[in-house]
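Reviewing the structure listed below.
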Amino acid sequence: IPPSHLFAGLSDVSISGDIAVEGEINVPVGTPSQDKKYSTLDEPVKDTILRDLKAVGKKFVHVMYPKKSSALLRDWDLWGPLLLCVTLALMLQGGSVDSKEDRGPQFAEVFVIIWFGSVIITLNSKLLGGTISFFQSLCVLGYCIMPLTVAMVVCRLVLLGGSWGFSFIVRLIVVTASFSWSTFASTAFLADCQPPNRKALVVYPVFLFYFVIGWMILTFSPSA
Amino acid sequence: TMASPDDLKFQEFEEATDLLLADPGASTLSMSGSSSTFPAGATGDIKLDMSDDEGQEESSELLRGEKQTSGFWTFEYYQSFFNVDTMQVLDRVKGSVMPLPGRHFIKHTLQSSPDLYGPFWICVTLVFSLAISGNLSTFLNSLGSPHYHYRPQFHRVTIAAVVIFLYAWLVPLGVWGFLTWRQREERQQSGYSFLETVCVYGYSLFIYIPTSVLWILPFEWLRWLLILVAMVISGSVLVLTFWPVVRDDTKVTAFATVATIVVLHALLSIGCKMYFFQTATHTPVPTLAPNHTAAVLTNKTH
């Protein structure tokens with residue numbers, strides 16, 4: 001029977017009262033991990049912190065071995081950059097204070113340079129037509145400061161053995177290597193998001209940014 | 001299908017019509033240079049890229065054809081100032097270091113589409129190259145003295161930034177304001193927009209970046225020679241750009257304008273050299289009072 005005949009009489013039906021309907025409604029229950037997502041409010045604080053720390057740590061590993069993975073971009077977070085920035089700014093303290101004017105960068109100056117610089121570079125790449133989102137770019141630029149922070153730690157250790165001569169050469173090599181690593185790592189993540197004939201225009205500010213940070217690390221001289 | 005090319009052409013025309021209906025006051029720039037009638041202009045000049053993943057390209061092409069259809073509060077407005085490729089920026093930089101009398105910077109090199117990428121990043125690079133080179137030259141100057149303690153002198157970055165950015169924005173503002181005022185008085189047509197003026201000034205500062213690096217070498221005659229060369233090159237870029245505009249004015253105004261531009265430029269370069277690259281005779285306290293420094297250091301260690 002064609003369907004039109006089957007329902008031919010339905011238009012004449014009128015229902016005066018309530019009709020009880022019986023049946024089963026099946027809602028597909030999600031996988032157990034989805035359940036956990038909705039109940040993270042009840043989990044112990046230790047779990048929350050450990051989960052975030054694991055995410056941050058995973059991204060550090062990605063920076064150490066920069067392959068074209070999209071993990072850094074997909075699950076961006078700003079904890080890592082904040083941690084690195086504060087560590088770097090704290091370690092750049094305690095420089096020589098011969099006169100009030102000639103000392104190295106203060107905590108606030110380092111902070112402003114890193115965050116303001118990252119924002120400006122992100123704006124620059126977006127204005128040039130990049131497809132990366134604002135916070136993803138901040139995340140990448142912040143995480144790629146990690147080699148330079150490691151270099152700062154090494155420099156402070158090397159400085160314990162004197163400022164000049166061999167120590168200076170070692171520091172120069174370490175800072176140069178880590179600054180090139182930072183630039184290379186961040187371009188590995190950022191380069192795909194740019195229009196092809198403007199890649200150099202986007203990479204140059206990143207190079208300048210890490211160069212300036214490297215300069216601040218290299219010229220750190222502790223008080224005698 | 002057979003109908004699609006025609007359909008696309010029809011769509012192109014409609015979209016352009018819509019845009020102009022939305023903003024009838026928008027200036028339409030046609031490549032042929034004449035203010036041709038609208039239908040002839042549309043299909044020829046507004047290139048619409050119909051592929052799906054190039055939405056951004058499409059809007060920037062449209063913006064090139066019709067300047068400033070978006071308000072200054074939208075992102076696209078500022079994106080129109082960064083519409084340059086790597087090769088274009090390199091060409092503009094080359095044009096700023098090789099000023100030839102026939103090649104007018106704005107008409108020839110910029111082709112009347114100024115950008116803000118070049119001026120901004122040239123200024124930033126100049127700030128850091130001045131501060132870093134100045135720091136290095138102070139250090140090299142004082143290498144000989146026994147109790148020299150290296151100082152990073154980070155405050156110089158702040159000072160350099162303030163000076164360079166003030167120069168790169170306020171002076172073009174003054175020059176543009178003055179030229180526009182004279183233009184209104186003399187009923188002239190040719191003038192530059194504020195952005196083009198900023199662009200010329202920004203690119204003309206490029207020559208100072210290698211100059212500041214070369215200033216590290218501690219020879220006074222070399223430093224003055226470098227100032228002279230840099231001033232000639234970047235000054236002539238500015239003079240060649242602004243002379244055709246002031247030339248039609250009264251002789252006095254014309255010469256005064258050009259002279260002011262050159263003098264301000266000279267003041268900037270000489271001021272930078274004298275502040276950031278001080279000669280050995282000006283090195284401050286520690287070399288003159290080594291006993292004092294030693295006393296302070298021993299006090300600190302206790």
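Predicted model, so just to flag it, every value in this text is computed and none were measured. Proteins come first, then strands; the chains are lettered A, B, ... in the order of their sequence lines, and each starts at number 1.
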Interface moiety of A:L218 toward chain B, non-hydrogen atoms closer than 4.5 Å:
neither
Engaged part of B:I159 at the chain A interface, taking heavy atoms whose separation is under 4.5 Å
neither
Between [X] (side chain only) and [Y] (backbone N and O only), is there a donor and an acceptor less than 3.5 Å apart?
{"X": "B:T86", "Y": "A:N197", "answer": "yes"}
{"X": "A:T187", "Y": "A:F184", "answer": "yes"}
{"X": "A:S137", "Y": "A:S133", "answer": "no"}

If you tally heavy-atom pairs under 4.5 Å between each of B:Y78, B:F120, B:Y117 and chain A, the highest tally belongs to B:Y117
Pick from B:L116, B:T125, B:V124, B:V157: which one has the most heavy-atom pairs with chain A under 4.5 Å?
B:T125
Which class fits the ring pair A:W115 and A:F111: parallel under 30°, tilted 30 to 60°, perpendicular over 60°?
tilted
So, do B:S193 and B:T197 sit near enough that their side-chain heavy atoms are less than 4.5 Å apart?
no
Sole candidate of A:V170, A:I169, A:V174, A:V153 that passes side chain to side chain contact (heavy atoms under 4.5 Å, CB included) when paired with A:V158
A:V170
Within residues 203-214 of chain A, which residues come under 4.5 Å of chain B, heavy atom to heavy atom?
A:Y204, A:P205, A:L208, A:F211, A:V212
Cation-pi geometry met for A:R171 and A:F166 (6.0 Å, 45°)
no
Can you confirm whether the side chains of B:S212 and B:S129 place a donor and an acceptor under 3.5 Å from each other?
yes
